[in-house]
Amino acid sequence: MNTEILVNLNKKRDFYNKFSNVKINDKLSEYIYNESLEGDYKNKVIINISCREKITDEEKQNMIDIIRRNYGIQVKDLLFTYEKEQDKKAILLVVGIALIIVYYTGFASILKDVVLMFGWLAICSSVYGLIFSSTRSYIKIKRLKNLSKARVYFN
């Protein structure tokens, strides 16, 4: 299956960021991403761009490169934060297990209960994060990867 996104431009200038000709307009980038949400995250993306002005082949290729670079950078950023979150969750899991072990090796009564509570809290929060938070990030990364590899056609 494919997810098709239609982009209608009045002028070529509407494609570009108002401060730079090497970046896509922020609102257009957001529009393309939001339109990709309508399809399944596994679908390949096709972007159809139509413009009232004539676009040269060089400009078309430049626009395609800008779209791919824009979403490619977003993928890299999200992957970096995703990996750091996973590292923190793994550390939290290890700390939780260590605290549980400390609890069972013996401590003063009140301190022992605090250690047990923090140990289970650490384990539960890391497992919850691994199961539920990771899925949301994975889907967003997959969508952005599809956008960075999208087929772009001009009418």
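Hydrogens, waters and symmetry mates are skipped; everything else that's a heavy atom, side chains included, is used.
- Here the side chains of Phe15 and Ile24 are in contact, with some heavy-atom distance below 4.5 Å.
- You'll find the side chain of Asp40 stays beyond 4.5 Å of the side chain of Thr3, heavy atoms only.
- Considering only heavy atoms from C-beta on, Val7 comes within 4.5 Å of Ile47 through its side chain.
- Two residues are said to be in side-chain contact when any heavy atoms from C-beta on lie closer than 4.5 Å; Ser125 and Leu92 meet this criterion.
- Minimum interatomic distance between Lys12 and Glu59 (heavy atoms only, all atoms of both residues): NZ-OE2, 3.2 Å.
- The two residues Cys51 and Lys11 have their closest heavy-atom pair at SG-C, 3.8 Å.
- The environment of Tyr31 atom OH is dense: over 12 non-hydrogen atoms of other residues, nucleotides or ligands sit within 6.0 angstrom.
- Residues Leu147 and Gln74 form no side-chain contact, since every pair of their non-hydrogen atoms from C-beta on lies 4.5 Å or further apart.
- Note that CG of Asn70 and CD1 of Ile66 are 9.0 Å apart. Values are rounded to the nearest 0.5 Å.
- Side-chain atoms of Asn146 come within 3.5 Å of backbone N or O of Asn43 as a donor-acceptor pair.
- Of the possible donor and acceptor atoms, none in the side chain of Arg52 sits under 3.5 Å from a partner among the backbone N and O of Asn8.
- In terms of modelled atom types and a separation under 3.5 Å, the side chain of Tyr71 and the main chain of Ser29 share a donor-acceptor contact.
- The closest side-chain heavy-atom distance from Leu93 to Ile123 is below 4.5 Å.
- For the pair Lys140 and Tyr33, the cation sits on the ring face: its NZ or CZ lies under 6.0 Å from the ring centre, inside 45° of the axis.
- Side-chain atoms of Arg13 and Asn21 form a donor-acceptor pair, as typed in the model, at a separation below 3.5 Å.
- Listed for the Asn2 side chain is no donor-acceptor partner under 3.5 Å among the backbone atoms of Glu4.
- Using a 4.5 Å heavy-atom cutoff, the side chains of Lys60 and Met63 are not in contact.
- Considering only heavy atoms from C-beta on, Gln61 stays 4.5 Å or farther from Asp57 through its side chain.
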> side chain to side chain contact (heavy atoms under 4.5 Å, CB included) between Leu9 and Ile49: does it pass, once the steps are laid out?
Replying inline: CA-CA 7 Å; Leu9 302 173; Ile49 300 175; 3.8 Å; yes
